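Because the structure is predicted, anything quoted here is derived from the model rather than measured. Below, chain A is the first sequence line, B the second, and so on; all start at residue 1.
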Amino acid sequence: MTGAGLAVREATVRFGPTEALSDLSVSVAPGEIVAVVGPSGCGKSTLLRCIAGLQPLDRGSVLWDGVDLAMVPTHRRDIGLMFQDHALFEHRSVRDNVGFGLKMRGRKAAERDRRIDELLELVGLGGFGNRAIPSLSGGEAQRVALARALAPSPRVLLLDEPLGSLDRARREHLVGEIRSVLREVGQTALHVTHDQDEAFAVADRIAVMRSGTIERIGTPERVWHDPGTAFVAEFLGHNVISTPEGPAAVPADAYRLVPTNGLEPGPPAVVFDVRFRGDHTVVTVDTAEGERVRLRTGEPTSLRPGDAVGVEIDPERVTPLGEDPNPA
Amino acid sequence: MRPRSGSPLVIGLLPLAFLAAFFVYPLAALFVEGFRFGPDEIGGVFSRSRFWRTAWFTVWQAVVSTAVTLLISLPLSAVVGRYRFRGRSVLLALVTVPFVLPTVVVASAFLASLERLGLADRFGNSAAVIIAAHVFFNVAVVVRTVGGYWRGLDDRPEQAARVLGAGPIAAFRHVTLPRLRPAILAATSIILLFTMTSFGVVLLLGGPRRGTLETEIYRFALNRTDFGTAAVLAIVQLVAVLGLLVVNSWLARRLTQRERRGATARPRPRGRQWLGIAAAVVPVMVFLTVPMSALVERSFRSGGSYSWANYRALTDRPPLLPVDGVTALSNSVRFAVAAMAIAVGVGVAASVVIASSSRAAHLRPSRAERAMGWVLDVGLLLPLGTSAVTLGFGFLVALDEPVDLRPTWIIIALAQSLIGVPFVVRAVVPVLRSIDGHVREAAAALGASPSVVRREIELPMARSAIGVGAVFAFAVALGEFGATSFVGRSPDRMTVPLAIGQLLGQPGQQLRGQAMALSTILMVATIVVIMIIDRNDRAGVL
Amino acid sequence: MVLRFGFLRFRFLRFVRLERRLLAPIVALVLVAAACGSQDEAQDEVSRDACTDPVQAATAIDRDVDVAGTTIRLATHGSFALSDDTLAAFTEQTGIEVEQVGAGDAGTLVSSAILTKDNPTADVLFGIDNAFLCRGLDADLFLAYESPELARVPDEFELDGGSRVTPISYGDVCANYWFNELPADPPTSLDDLVAEVNRGQFVTQDAEVSSPGFAFLLATIAKYGEDGWEDYWRKLLANDAAIAADWESAYRGDFIAGGGDRSIVMSYASSPAAEVLFADPPVDEPPTGVLFDGCFRQIEFAGILAGTDHPAAAAALIDFMLSTTYQNDIPLNMFVYPVVEDAMLPGVFVEHAALASDPLTLDPTTIEQNREDWLDQWAEIVLA
């Protein structure tokens, strides 16, 4: 288990009676970007804080290239850290913020200046060096925070909901940007978010957390297509239905709506709700089996709540789910 | 696993040593060597009706003075905290001036104003005058502490309350007031301490009928040389003050809350708001400026007309003083700067410990850290509530070895800084506490060790708060009279308050005019210093 | 000293460790202090009586040492002042530099000296007066020293038979009045102050706080006797007399001179001279007059503090204080009179200051023995 890169082994953290992390293990290979998603309170941020050395472990360990970091204080761990609230140093200029980590590492002024300019250029803020922090917009502040975290070329970059405070358009834009920046420098990173779209857009692998443990980890495609548990399936927005073989996950776009003429065997489904979403429409129906499923169609529809409708499932896309390891 | 280098425990040693050497040790030495007492004195004190009357009046006037000060200063704090307007810094400076005026000057200005207004017979030597003078002195504490804190508050919660249907008054009562509680509590505790142990005001304006524990200690220790009784009274006072501080510290901890602070842009007032501002500012300013302007007016009166004669006379040595007024002024400034430097050094170190000892549980301040934080929090406030006489005698008895500090001016700066430290701590701790944890963590992740985080992040962010604390420390040092009078006689130690006291101590209108000129200079100097510092206050703590 | 440190370190560690039980060390401190107090109290009582009698043979101070180049400290009260060149003349004559310490009132001066007896802050103390004299002598503050210059001082000023203190200056505490605002003829006796015509006109000082205030209390005791003074004070208060905290607030606050509305104030017989000297605009005649009945005579003494390292230099300073250079400088700086017979009074003193022909005094021992009781009774009357 002494692989290269970052590894968390059987980490447990207790806050009083509750376990914020229980026996959690995860590893991030050099150059890999792992996104950790999960509902709020599942322990995502605690995991980051443990890796950063801001939160002591009650049990378990954090390793880098197989070496335990327990005795290494935060400021010697060579990590980057980026928060939702940027945590910029308001009393310093943009330049000084970006150069802070370099200064801490004793880099010479000339070298620092070069690197600061390079990073500001990289995040699209060339020429912003002498601006005061309070004068920045939310997106600009976030880019400065990213540049600051990246400037010293940390071994691993930890991002804690980095885009949570931005509007949707800017978030989508920045997600793409972050990914390309991270790719460009080959940055090892652990990205915590509650937003699966953000996770899918950024990560090589996705870990879904629940109550202090990782319930599913894998490439985005794999996790999407094979969520493994009802919890993960529901978190991803899949429908969980009963099949004779047991529970199964069905993505919302695996259904097809067909008009009903009353001749089909068995009763039809009844439309419960219709939501137009621009490039697609989400229709919620109550099936004859008594399940409420969300399905997604790309075609325009004139259905209204109460209408009877036929529903077909693409059997290829029904994924059986395993036993729920943590029944609610 | 917590990094231990630059630990608060190490930083705390400086203020702890300061407190031990210049407060605990002198007092202990005094009680062991001079202020001795036995059961007789204890019984003697408690069986006197005079003691109970005094104790009651001490508490009563302190509570009433504090309440009145809060009442009239809160609207002013709101104006200072919520609006940005021309003249704001002048207003702040003016409010701060009474704080530095020597008691003897304020007392005579007050008496003079009462005479002018024809109120002397109704209010002379009454509790009302004492309370009025206490309010006069302490408005600055509320406006600076609460107004400054207010300015740094994010006002979105108030806006949210307004949106939810709260009127301005309801929003203030249910949202703003609770958020201001830490600052109000800090101001209240300082004013309570000041008024409970205020000396000159009570002695000079109260007459023999209105005594507090503090003036009783003075009466017994100095003019009766009854050290036993003075000792019992001093202990009673010390225990009462300690009790007050323990309650205060407990309350402060309960009220501590995380507030986002920053330079929220404050609007310029418009239309009807000016009316409200005028209603808050004008009465207080009239109250504050009447005694001050009586003083200024008198300083220019010479030979029945107005001129600079009294000021010109200051460059010559008056017959009753060992030095001329200008030298006294430069002495005063020198001591006050030294006292301010000591107070800032000790106060900032203490603030770091106090702030980090009261941090959220998951940051795990150790038991030792919490204990040290508590001892400093309470201990550094104690000198404010300790009788000047007791402290002065303690210095005389204790600070003779290993180096005899008593005949040096350092002892003056030390005594003055002891009073200044609490102001630095009160100003800096709330700001340190309110620094977002993420900022600290981000700096640590970037490679800053805890001591570097402190130096590069926390202290710069608290810079303007340190400035405010320093102004107060400087100001109280400038006006300090008690400790100075034990050692301040020789030419190189004569301070302005001392000189004023002596000029007023002989008959003759000319001396009185010179005393008023010196007071006016002290006043103007304060206004200038404070305005300069306020101007440099970028983050807008004040 | 080492012991004291050890004691404190111990206490201080507990201070830190006990966190919330902060009260414990304080209580302990109280108990320790109480214990010390009760042990030592008895010793302090011994020499209470007849403090002014000689109790020790004057151990001769060796005057043959070279004092040039030494610096000695002079502890004084806040009213002490001299011309620039007076102490310079002393330094020129003897090579001794003089530093002044202390700026409180006479009470602070004596109390500080008693508390720092083991390691005094100064070598010579000036400013203890007859009201406090026994307190200082009882506490063994001074080395006995009989200056050869004493021959020029009238015997009436030498209150200490043991020569531990040397009289330097004296003055009379008397009521002053403001001529133009008097409701009637100037008062001629203390009895006039309780007359209806002077209702609300008189202001004196707090006897517990102020030196002239205490002097006035002593004057009434001397004049009306143990049985009559309390009655006099009750009448005084019934006649609406005011009691200010100290000289400054009486003279500068309540008295006409300071803008007040009372025309009679307790001050000094020399005050009219100061009203002329520091008048603004200048005047030829003082606006105030003195009530010479019921004046209390204050005599101020200097003494060599027992802990001094420079007794010879200190003795030289005492001698100098009786020199004509020094004595002539007293009136215009401190507004009191020189004790030596051959001193010259300045013109303004000759013209506008005067001494009571028959001042009141009380024996220092009597003052010391009764001070507490008198002040308690006085406070009762004033507070009633």
Side-chain angles (χ1 to χ4, degrees), chain B residues 20 24-25 28-29 31-32 34 36-38 50 104 107-108 111-112 115 203-204 207-209 219 221-226 228 235 239 242 302-304 319-321 371-372 374-375 393 396-397 400-401 406-407 485-490 498 501-502 504-513, chain C residues 1 4 8 12 15-16 19 29-30 33-34 36-38 40-41 73 76 78-79 81 99-104 107-108 110-112 114-116 119 121 135 206 208-209 243-245 247-249 251-253 257 259-260 271 274-275 277-281 332-333 335 371-372 375 379 382-383:
Chain B
V24 179
Y25 170 54
F31 282 113
V32 170
R36 293 164 178 169
F37 61 97
R50 176 170 169 170
V104 53
S108 79
L111 287 174
E115 305 284 355
L203 191 72
L204 296 178
R209 290 185 189 83
R219 282 161 194 270
L222 295 186
N223 284 59
R224 294 180 161 213
T225 42
D226 179 353
I235 297 231
V239 169
L242 195 61
S302 168
L320 303 175
L321 295 182
M372 189 185 253
W374 190 83
V375 167
F393 278 148
L396 282 184
V397 170
D400 55 346
E401 286 176 13
R406 299 172 305 175
S485 72
F486 281 87
V487 279
R489 174 63 221 182
S490 65
L498 222 53
Q502 280 186 246
L504 289 174
Q506 285 292 338
Q509 295 302 321
Q510 189 192 331
L511 300 181
R512 183 183 161 97
Chain C
M1 208 55 203
R4 193 203 284 160
L8 267 165
F12 200 72
F15 213 79
V16 176
E19 267 190 77
L29 207 69
V30 170
C36 298
S38 42
D40 294 302
E41 202 63 40
R73 297 204 189 104
T76 61
S79 310
E99 270 182 24
Q100 302 162 39
V101 293
T108 313
V110 177
S111 294
S112 310
I114 294 174
L115 284 171
T116 57
N119 193 0
T121 56
R135 200 28 81 92
D206 191 332
E208 280 188 331
V209 172
I243 297 170
W247 185 90
E248 284 86 343
S249 31
Y251 202 94
R252 303 268 186 216
S271 298
E275 284 287 355
L277 193 64
F278 301 125
D280 180 26
L332 286 186
N333 284 293
F335 288 86
R371 186 204 322 263
E372 303 271 310
L375 284 174
V382 169
L383 293 172

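- Remark: side-chain polar atoms of C/Thr116 are not paired, donor with acceptor, to backbone N or O of B/Leu396 under 3.5 angstrom.
- In this structure, the side chains of B/Asp226 and B/Phe37 stay at 4.5 Å or more apart for every pair of heavy atoms.
- Atom CD in C/Glu372 sits 5.5 Å away from atom CZ in B/Arg224 (nearest 0.5 Å).
- Proximity to chain B (any heavy atom under 4.5 Å) is shown, for C/Asn119, by both the backbone and the side chain.
- Looking at C/Ile114, the atoms closer than 4.5 Å to chain B (heavy atoms on both sides) all sit in the side chain, from C-beta outward.
- In terms of heavy-atom pairs under 4.5 Å with chain B, the best-connected choice from C/Val209, C/Thr121, C/Leu375 is C/Val209.
- The heavy-atom pair separating C/Ser111 from B/Ala221 by the smallest distance is OG-O, 2.8 Å.
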